[in-house]
Number of protein chains: 2
Amino acid sequence: MIPEPTGSPRSEAFAKIDPKFQMTVRDHVHRTLRAAILAGRFATGEKVNERSLAEQFGVSTTPIKEALRQLETEGLVEALPRRGVIIRFDMGWAEEMILARAALESMIAHLAAKRIGKPAGVELTAIADLMAKATSSADADSLISLNEQFHEHIHRSSRCGYLAKLIERQQFYDASIRRVIHMDPAERQKALEEHTAIAKAIVTGDADLAERQMRNHVVRSGETYLNIVFGNKKDI
Amino acid sequence: MIPEPTGSPRSEAFAKIDPKFQMTVRDHVHRTLRAAILAGRFATGEKVNERSLAEQFGVSTTPIKEALRQLETEGLVEALPRRGVIIRFDMGWAEEMILARAALESMIAHLAAKRIGKPAGVELTAIADLMAKATSSADADSLISLNEQFHEHIHRSSRCGYLAKLIERQQFYDASIRRVIHMDPAERQKALEEHTAIAKAIVTGDADLAERQMRNHVVRSGETYLNIVFGNKKDI
DNA sequence: ATCTGAAGTCTGGTATATCAGATCCCACAC
DNA sequence: GTGTGGGATCTGATATACCAGACTTCAGAT
């Protein structure tokens with residue numbers, strides 16, 4: 001699992017830490033605020049005060065400002081010059097994030113179907129098989145992890161770094177919500193069928209089919225999440 | 001064109017300035033750097049130095065940092081904590097930006113076809129008609145402006161604020177490149193046909209058709225841009 | 001009572017200072 | 001020659017200071 005430098009005799013070598021994993025204050029603030037916004041802990045339109053945030057986090061305003069700039073670019077807050085920043089997230093916004101993710105994931109699935117190699121295809125099928133097992137044994141934790149691996153693997157197979165990054169930013173639910181989803185056996189089964197079909201389409205190189213199925217999967221499961229997070233309603 | 005407050009007797013009233021139009025140093029830096037990166041004035045992987053940028057712009061590092069944070073979230077630079085930021089833009093990245101835009105614009109076209117009202121549909125048709133006129137008279141400036149209005153109008157008709165914002169960030173060519181494109185009569189004609197077909201599909205409410213046509217339009221015209229900006233090559 | 005505008009306050013934008021991780025260089029040991 | 005490590009230096013991360021635009025309040029004028 002952990003990559004190991006070659007030729008380190010006698011003693012175990014330690015894996016190099018990815019610089020990206022180092023935590024800075026601004027990243028912490030960014031992640032924390034992002035999670036809070038997506039969890040609905042702010043009302044849309046609500047003003048946030050830089051100094052007050054700085055005080056709450058116990059830091060200066062500099063990293064706060066940087067985090068807010070990131071959230072602004074993500075579209076979760078709006079900055080009015082010299083006036084302040086206001087939260088921009090509600091059910092409509094969440095719906096659109098799902099649509100964006102559907103559009104992008106389906107595009108990436110299309111490319112993955114065209115570009116995936118033989119060994120990666122075997123791996124993807126293997127992940128789908130593990131999902132089948134975890135589904136029948138109702139292993140929610142494994143399902144959450146496998147789900148992540150599944151989409152991850154498709155992203156890698158598509159060889160699209162930019163698109164993969166973009167998709168990450170369209171995620172608004174976390175592991176705890178996923179766990180709730182996987183409680184429902186019908187939902188588990190439905191998701192399994194979709195994942196299996198997507199894997200098959202990608203591995204057999206049917207790009208258009210993979211694209212359609214991925215889109216439907218993301219939209220459908222997204223609606224399930226929406227209902228849980230915001231109560232119910234329907235449109236799209 | 002300019003909205004006018006009601007009931008201002010005797011003298012012309014001035015439209016309120018949208019606070020978003022106010023320029024701050026960080027916005028200026030952000031836009032300038034973004035344009036420079038997208039114009040290929042940095043090599044991908046190149047390191048940029050905050051102090052040096054601050055000096056070049058004649059400002060302090062604070063707005064520079066904020067602008068870099070925005071670019072980071074846009075995916076145009078990568079920040080390695082405590083090490084600096086490096087440029088991340090090359091032809092592959094540009095291709096993916098086009099694909100992202102294609103995915104998102106087609107999604108928004110789909111929604112616009114479902115949600116557009118009668119009057120907005122008439123307007124869209126009118127824009128398409130103006131495009132036909134501008135095409136036959138080879139009026140490049142009008143075409144550029146109309147093209148903008150066309151997509152703008154579709155965005156509004158879809159009633160998707162988030163998606164529209166997201167799409168804006170996938171734009172990597174500017175008016176000057178567009179002008180080059182519109183020099184070519186064949187390209188002009190092709191674009192007109194596509195725009196006309198998209199408008200028709202949206203106005204008649206054929207969401208799936210609108211989606212397909214928009215996607216093809218964005219990918220095809222994107223490839224034209226790519227060839228101009230990066231020389232030629234093909235894949236996708 | 002309503003409107004106007006001057007003064008005070010709040011708060012974001014920018015500049016500057018300081019701290020600490022990362023990198024580079026070179027002397028010194030093997 | 002190779003490599004190890006101490007220290008100088010560079011530079012990003014954070015804290016702090018200061019400025020100016022925006023909002024609030026309220027006295028005075030009409």
Identify each atom pair where a protein N or O and an N or O of nucleotides 20-25 of chain D are less than 3.5 Å apart, giving names and distance.
residue: D:dA22; atom: OP1; partner: B:Gln22; partner atom: OE1; Å: 3.3
residue: D:dA22; atom: OP1; partner: B:Gln22; partner atom: NE2; Å: 3.4

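In this structure, A:Thr62 reaches the bases: a heavy-atom distance under 4.0 Å links it to at least one base atom across the strands shown. Using a 4.0 Å heavy-atom criterion, one finds that A:Val85 contacts no nucleic acid atom at all.
Rounding to whole angstrom units, CG of residue B:Leu68 and C1' of D:dA13 are separated by 13 Å. Rounded to an integer number of Å, the gap from B:Ile64 CD1 to D:dT11 P is 15 Å.
Taking the six-membered ring for Trp and thresholds of 30 and 60 degrees, A:His28 and A:Phe57 have ring planes more than 60 degrees apart, a perpendicular arrangement.
Sorted by first and then second residue, the pairs that involve residues 139-149 of chain A and meet salt bridge (Lys or Arg N to Asp or Glu O under 4.0 Å), not counting sequence neighbours, are A:Asp141-A:Arg179. Listed by first and then second residue, the ring pair (Phe, Tyr, Trp, His ring centres under 6.0 Å) pairs involving residues 85-113 of chain A are A:Trp93-B:Tyr162 (not counting sequence neighbours). Screening residues 154-172 of chain A for salt bridge (Lys or Arg N to Asp or Glu O under 4.0 Å) gives A:Glu152-A:Arg156 as the qualifying pairs, with residues at least two apart or on separate chains.
For the segment residues 48-58 of chain B, the set of residues with a heavy atom within less than 4.0 Å of an atom of DNA chain D comprises B:Val48, B:Asn49, B:Glu50, B:Arg51, in numerical order.
Among residues two or more places apart in sequence or in another chain, the salt bridge (charged side-chain N to carboxylate O under 4.0 Å, His left out) test is passed with B:Glu78 by A:Lys20, B:Arg88. Partners of B:Arg178 by salt bridge (charged side-chain N to carboxylate O under 4.0 Å, His left out), not counting sequence neighbours: none found. Here B:Phe42 pairs with nothing under the ring-ring contact (aromatic ring centres under 6.0 Å, His included) rule; sequence neighbours left out. Qualifying ring-ring contact (aromatic ring centres under 6.0 Å, His included) partners for B:His217, counting only residues two or more places apart in sequence or in other chains: B:His151, B:His195. For B:Arg51, there are no salt bridge (charged side-chain N to carboxylate O under 4.0 Å, His left out) partners, not counting sequence neighbours. B:Glu96 pairs by the salt bridge (charged side-chain N to carboxylate O under 4.0 Å, His left out) definition with nothing, not counting sequence neighbours.
Reading DNA chain C from its 5' end, the first and the last nucleotide to sit under 4.0 Å from a heavy atom of chain B are C:dG13 to C:dT23.
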